[in-house]
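Worksheet for the structure shown next.
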Amino acid sequence: MTWFAERVLAWHDGHGRRDLPWQKQQTPYRVWVSEIMLQQTQVEVVRPYFERFIARFPNLASLAAADREDVLRLWAGLGYYARARNLHSAARQARHGLPDTLAGLVALPGVGRSTAGAILAIAHGHRAAILDGNVKRALARFHGVSGRPGERAVEQTLWAHADAHTPSERPGDYAQAIMDFGATLCRRANPACSICPVAARCVARAAGRQAELPTPKRAKPLRERRTRAFLLIDPDGACFLERRPDDSIWGGLWSPPERPLDTDVAAFAAKWNIDVERALSPPTARHVFTHYRLLVTPHCLWVRERPAGAPTGDGYVWHRPEDGRKLALSALAANLLAGLDGGFALE
DNA sequence: TATTCGTGGTC
DNA sequence: TGACCAAGAAT
């Protein structure tokens with residue numbers, strides 16, 4: 001075992017997080033679900049979603065037998081909904097048991113090399129490397145790897161370091177140790193070098209380059225999309241929703257209909273002023289109803305404020321040009337139900 | 001290789 | 001408070 005792995009593992013044994021929900025019964029199914037939820041998502045955000053999901057779908061068979069709608073409902077609010085769609089699809093593909101090889105796991109939708117490695121190491125005890133954002137940051141600093149992760153050469157170098165440090169003893173514990181180490185000590189900002197178990201041989205630490213590594217992505221210009229939301233409210237205050245296409249944002253979830261700015265409002269209203277489905281608890285539930293009044297968001301801008309390279313960041317925000325007030329679309333319908341001004345939150 | 005996908009944490 | 005990004009994968 002390398003000095004680095006030994007030190008990180010020892011640190012985790014004494015100070016790491018070892019009582020997380022998915023660390024209790026480390027079955028392939030539970031590890032798989034947790035690793036998918038944890039993609040680009042912090043531990044404390046995942047925790048309640050994991051508990052609810054496992055309570056409802058305790059094993060592979062129950063998930064495979066579930067309706068996709070129910071899977072998405074449990075995922076609502078967690079983001080990156082392709083993960084839920086892929087998870088459900090993969091459960092049906094592997095209905096009789098998850099693969100226990102790298103190639104078999106990577107063949108499942110939503111499972112890449114790093115997630116497959118985590119499942120193999122944690123659930124099966126195989127010597128498999130992982131390379132998530134935490135590991136990239138820790139290894140880039142420890143070995144002084146310059147260059148943006150994303151460049152082929154940098155990626156290859158980091159994978160090589162990750163593999164070299166992965167021990168044949170306790171590979172699952174090491175996988176969780178190195179991720180926890182990156183998340184809690186070798187943080188992006190304010191790394192805890194003073195108590196770091198590997199600071200003595202850290203290249204970045206010796207050179208005072210902790211803040212420079214890993215090399216940050218290039219900042220990119222803002223983009224903007226303009227669309228219009230159609231908010232149909234029935235006499236009870238329920239809001240009409242429709243299911244979004246899988247390949248769009250919030251794919252598979254329910255939201256107020258979204259159309260181009262030049263959409264014919266009258267035609268749209270005529271089309272929907274019949275029996276349609278409504279939702280009492282947007283954006284996922286459906287009910288049948290008949291009469292709606294149509295509210296059209298006034299010159300709403302659907303603005304992508306995030307710089308590309310920083311995934312979604314400030315998110316998708318509805319702006320009202322008159323006063324600049326803004327609100328996430330996910331809260332728009334809820335505010336309409338509450339009788340707030342045009343769906344925009346009031347101070 | 002670059003973009004897209006989301007919500008919330010952090011400074 | 002806006003900017004950046006987190007237990008990545010798909011396209």
Side-chain angles (χ1 to χ4, degrees), chain A residues 16-17 20-23 31-50 72 75-87 89-90 105-119 121-122 129-138 147-155 158 162 172 174-184 186-191 211 214 216-223 225 244-253 255 283 304-317 326 328-331:
Chain A
R17 292 179 289 190
L20 299 172
W22 44 89
Q23 294 174 328
V31 171
W32 171 52
V33 171
S34 71
E35 287 302 326
I36 299 299
M37 284 189 172
L38 286 162
Q39 289 170 0
Q40 297 289 288
T41 311
Q42 296 182 4
V43 163
E44 292 310 319
V45 177
V46 166
R47 191 194 292 266
Y49 283 88
F50 179 81
L72 278 169
W75 209 276
L78 193 55
Y80 286 135
Y81 301 101
R83 296 184 297 177
R85 302 194 302 270
N86 287 334
L87 192 73
S89 172
L105 284 167
V106 169
L108 294 176
V111 179
R113 181 174 172 185
S114 186
T115 298
I119 296 171
I122 297 169
I130 59 168
L131 189 64
D132 69 344
N134 291 313
V135 181
K136 287 179 184 177
R137 185 171 57 253
R148 289 177 294 106
E151 290 176 18
R152 180 183 300 277
V154 175
E155 206 76 6
L158 292 175
Y174 172 75
Q176 307 204 63
I178 181 66
M179 286 190 283
D180 200 34
F181 169 73
T184 63
C186 198
R187 301 179 294 253
R188 183 178 63 86
N190 299 322
K217 300 169 192 167
R218 285 191 293 260
K220 289 180 184 167
L222 304 181
R223 292 190 170 195
R225 292 181 191 169
R244 304 180 64 91
D246 281 355
D247 60 356
S248 70
I249 188 167
W250 304 312
L253 295 184
S255 79
R304 304 212 57 170
E305 290 190 316
R306 79 173 180 86
T312 51
D314 290 322
Y316 297 82
V317 179
K326 59 186 180 181
L329 180 57
S330 57

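Letters A, B, ... mirror the listed sequences (proteins, then strands); counts begin at 1.
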- Task: With C1' as the reference atom in both, quote the distance from B:dA2 to C:dA7 in angstrom, rounded to an integer.
- Result: 23 Å
- Same-atom distance (P) from B:dG6 to C:dT11, integer angstrom: 14 Å
Quick one: label [X] by what it contacts on the DNA or RNA (base, sugar-phosphate, nothing), any heavy atom closer than 4.0 Å.
X: A:Arg17; answer: nothing
X: A:Ala175; answer: nothing
X: A:Trp75; answer: nothing
X: A:Thr41; answer: base
X: A:Leu87; answer: nothing
X: A:Val111; answer: sugar-phosphate
X: A:Gly150; answer: sugar-phosphate
X: A:Arg83; answer: nothing

Give the nucleotide from the list [options] with an atom nearest to the side chain of [X].
X: A:Val43; options: C:dA10, C:dA7, B:dC11; value: C:dA7
X: A:Ser114; options: C:dA7, C:dG8, B:dG9; value: C:dG8
X: A:Arg188; options: C:dA10, C:dC4, B:dG8; value: C:dC4
X: A:Trp22; options: B:dG8, B:dT1, C:dA7; value: C:dA7
X: A:Pro216; options: C:dA7, C:dC5, B:dT1; value: C:dC5

- Item | Short N-O contact, A:Arg152 and A:Glu155, less than 4.0 angstrom | no
Is the shortest side-chain heavy-atom distance between [X] and [Y] below 4.5 Å?
X: A:Val135; Y: A:Asp132; value: yes
X: A:Leu87; Y: A:Met37; value: no
X: A:Thr115; Y: A:Val106; value: no

- Expected output: side-chain A:Asp180 to main-chain A:Arg17 donor-acceptor under 3.5 Å: yes
- Message: We want to know whether A:Asn134 and A:Arg137 form a side-chain donor-acceptor pair, criterion being a heavy-atom distance below 3.5 angstrom.
- Response: yes
Send over the distance from [X] [atom1] to [N] [atom2], rounded to a whole Å.
X: A:Tyr80; N: B:dG6; atom1: OH; atom2: C1'; value: 6 Å
X: A:Tyr49; N: B:dG6; atom1: OH; atom2: P; value: 13 Å
X: A:Tyr81; N: B:dT7; atom1: OH; atom2: P; value: 4 Å
X: A:Arg148; N: C:dC4; atom1: CZ; atom2: P; value: 15 Å
X: A:Lys136; N: C:dG8; atom1: NZ; atom2: C1'; value: 8 Å
X: A:Ile36; N: C:dA10; atom1: CD1; atom2: C1'; value: 12 Å
X: A:Gln39; N: B:dT4; atom1: CD; atom2: C1'; value: 14 Å
X: A:Ile119; N: C:dA9; atom1: CD1; atom2: P; value: 9 Å

- Counting only side-chain N and O atoms of A:Thr115, is one of them less than 4.0 Å from OP1 or OP2 of C:dA7? no
- Just to confirm, is there a sub-4.0 Å distance from OP1 or OP2 of C:dA7 to any side-chain nitrogen or oxygen of A:Arg137? yes
- Message: On DNA chain B, compare the nucleotides closest to A:Ala189 and A:Leu78; which residue's is nearer the 5' end?
- Response: A:Leu78
- Message: If you assign A:Gln42 and A:Asp247 each to the DNA chain B nucleotide with the nearest heavy atom, which residue ends up on the more 5' nucleotide?
- Response: A:Asp247
- Close aromatic pair by centroid cut-off 6.0 Å: A:Trp22 and A:Phe50: yes
- Note on the structure: Between A:Ser34 and A:Val106, the residue closer to the 5' end of DNA chain C by nearest nucleotide is A:Ser34
